[in-house]
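Throughout, protein chains are lettered first and strands after them, A, B, ... in sequence-line order, and every chain is numbered starting at 1.
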Protein chains: 2
Amino acid sequence: MDLLLVEDDAMLGQAVELGLSERQFNVQWVRTGAAAISESQRVNYDVVVLDLGLPDLDGSRVLSSLRKKGQVLPILVLTARDDSSETVKLLDLGADDYMIKPFDMNELAARLRALVRRQRGYATPELSCGPISLDELNFQVLVNQQPVNLSKREFELLRAMMAAPERVHSRDKLEQIVFRNEQQVESNALEVHVHNLRKKLGNKEWIQTIRGVGYRLACG
Amino acid sequence: MDLLLVEDDAMLGQAVELGLSERQFNVQWVRTGAAAISESQRVNYDVVVLDLGLPDLDGSRVLSSLRKKGQVLPILVLTARDDSSETVKLLDLGADDYMIKPFDMNELAARLRALVRRQRGYATPELSCGPISLDELNFQVLVNQQPVNLSKREFELLRAMMAAPERVHSRDKLEQIVFRNEQQVESNALEVHVHNLRKKLGNKEWIQTIRGVGYRLACG
DNA sequence: CTGCAACTTAAGCTTTCCTTAAGTCTTTAT
DNA sequence: ATAAAGACTTAAGGAAAGCTTAAGTTGCAG
């Protein structure tokens, strides 16, 4: 995660750089507003941490200047002033968030993650197992990046097993999941779905049969 | 700007409702976490204000529950606890911002504006997806630079899906959006509009059907 | 008032999916 | 080795979901 830190104070800058680097941010640190503006045009950062009270430009100038140039990246402002009218102004000027010094590094990191997360749009939580990935929300299954079209039952089946790969899932449990309460099945419907699923996934070994018990998903 | 307020305390709820209404928010106020979850699925809000410490569900439960259901709308959490580890948890759980009670109404409004602004994206009020681009303000849709004439319903439909391409949009939600509150639809009107939209877009594969669920826009 | 465009509804059609059942293959136990 | 049980494969019939078309309404503009 590429982060631009705009901070003139050496002590604080170093502390923030270190603290955020430890938390998996890739920090680029500049000391002046002018540098911030040019740097943010040179490289595509994910997020900016901007201290007010820079030597050359007022921080709020930097802020509005960035926005005027069409920068859309999230900006978090650091301020010493706990002045509500000031902070309202900042937010309306285009800041996405602010923190008052002194602040907690964990919270700063969390706020930054939240900003970036929002900016990117939520990556939907995906289940994955080897080359198979399954997006529960969007009903999409990829095998080696290629979309695979599954029917509802097949999807349910795969999802149930992907919730716990490498583990044995009993027939009973799987039938319950796939057929909800719709009716008791007393045919081999489950086996048929397993068969079709195997075919669609393209590798029959991924779904192993545990004779007399159930199935296990084993990929990669 | 449609806002969902989740607050069980009558005094505070009324105060927030009033304060935000005065500031041009269109506030819908619910008292329980359960109501929040169902309401947010029924209507498309721009932003949520969520108080922790609800009677039925813990606020953080509501939060993660919304996120798991794929809600991407911005959520600001109100909390009484000034506990940094708690707030970090909230942010990582999917909150976009929080405020500690008591708070300043102007700042709340400013933070909410900032969230909505970011959600919509600053730069272009234009949505795009592959060769399709959609200008919300001018009601114009281009496919490969060529203008396409859509009716109001078709436009709404496309806009809703372009707000989140690659993502499944349930029939319910789409009907909600396309038919507003006008009446309950109990015909296949949605399907007809989808059909007409596909035809006008010129490529039937861009709008995929997810059987039993809804539709997904997939272009490029 | 008239005409056009957009919208809704309904009916029939197509596609996809699910279940069932029968036959085959594989494993296990005797 | 052989029988029995469990699992696999295949195909057919039917049900469900979605698609298409067309007719009837509505509403707005000329």
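Between B:E175 atom CD and C:dT8 atom C1' the separation is 13 Å, expressed in whole Å. A:E191 places its CD atom 17 Å from the P atom of C:dG23, with the value rounded to the nearest Å. Between B:F139 atom CZ and C:dA6 atom P the separation is 14 Å, expressed in whole Å. The nearest whole Å value for the distance from the NZ atom in B:K152 to the P atom in C:dC7 is 8 Å. Distance CD (A:E156) to P (C:dC17): 14 Å, rounded to an integer number of Å. When the P atom of C:dT19 is taken as reference, atom CG of A:L197 falls 15 Å away, rounded to whole Å. Taking atom NZ of residue B:K204 and atom P of nucleotide C:dT15, one finds them 13 Å apart after rounding to whole Å. Rounded to whole Å, atom P of C:dC7 lies 6 Å from atom CD of B:E154.
Listed pair A:R171 / D:dG6 fails the phosphate criterion, with no side-chain N or O lying under 4.0 Å from OP1 or OP2. B:H195 has no side-chain polar atom (N or O) that falls below the 4.0 Å cut-off from OP1 or OP2 of D:dC19. The side chain of A:H193 contributes an N or O atom lying less than 4.0 Å from OP1 or OP2 of C:dT19.
The nucleotide whose nearest atom lies closest to any side-chain atom of A:N188 is, among C:dT19, C:dC7, D:dC8, D:dC8. You'll find that the side chain of A:S187 is closest to C:dT19, out of D:dT20, C:dA6, C:dT19. Residue B:V192 places its side chain closer to C:dA10 than to any other of D:dC19, C:dA10, C:dC7. Considering only the side chain of B:S151, C:dA6 comes nearest among C:dC18, C:dA6, D:dG18.
The closest side-chain heavy-atom distance from A:L134 to A:Q140 is not below 4.5 Å. Looking at B:L3 and B:L20, their side chains come closer than 4.5 Å, going by heavy atoms from C-beta outward. Contact annotation: the side chain of B:Y215 approaches that of B:V194 to within less than 4.5 Å [non-hydrogen atoms, C-beta and beyond]. Taking 4.5 Å as the limit, some side-chain heavy atom of A:R171 sits within range of a side-chain heavy atom of A:E191.
Below 30°, between 30° and 60°, or above 60°: for B:F139 and B:F155 the angle between ring planes is below 30°, a parallel geometry.
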(request) Go through the steps for A:N203 and A:R198 under the test side-chain hydrogen bond (donor to acceptor under 3.5 Å, both in side chains), then give the verdict. (result) CA-CA 6 Å; A:N203 184 334; A:R198 279 178 174 145; over 6 Å; no
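Sorted by residue number, the members of residues 205-215 of chain B with any non-hydrogen atom under 4.0 Å from DNA chain D read B:T209, B:R211, B:G212, B:Y215.
Figure legend: A:R111 and B:Y98 shown as a cation-pi pair, the cationic atom lying under 6.0 angstrom from the six-membered ring centre and within 45 degrees of its axis.
One cannot find a donor-acceptor pair under 3.5 Å joining the base of D:dT20 and the side-chain atoms of B:N196.
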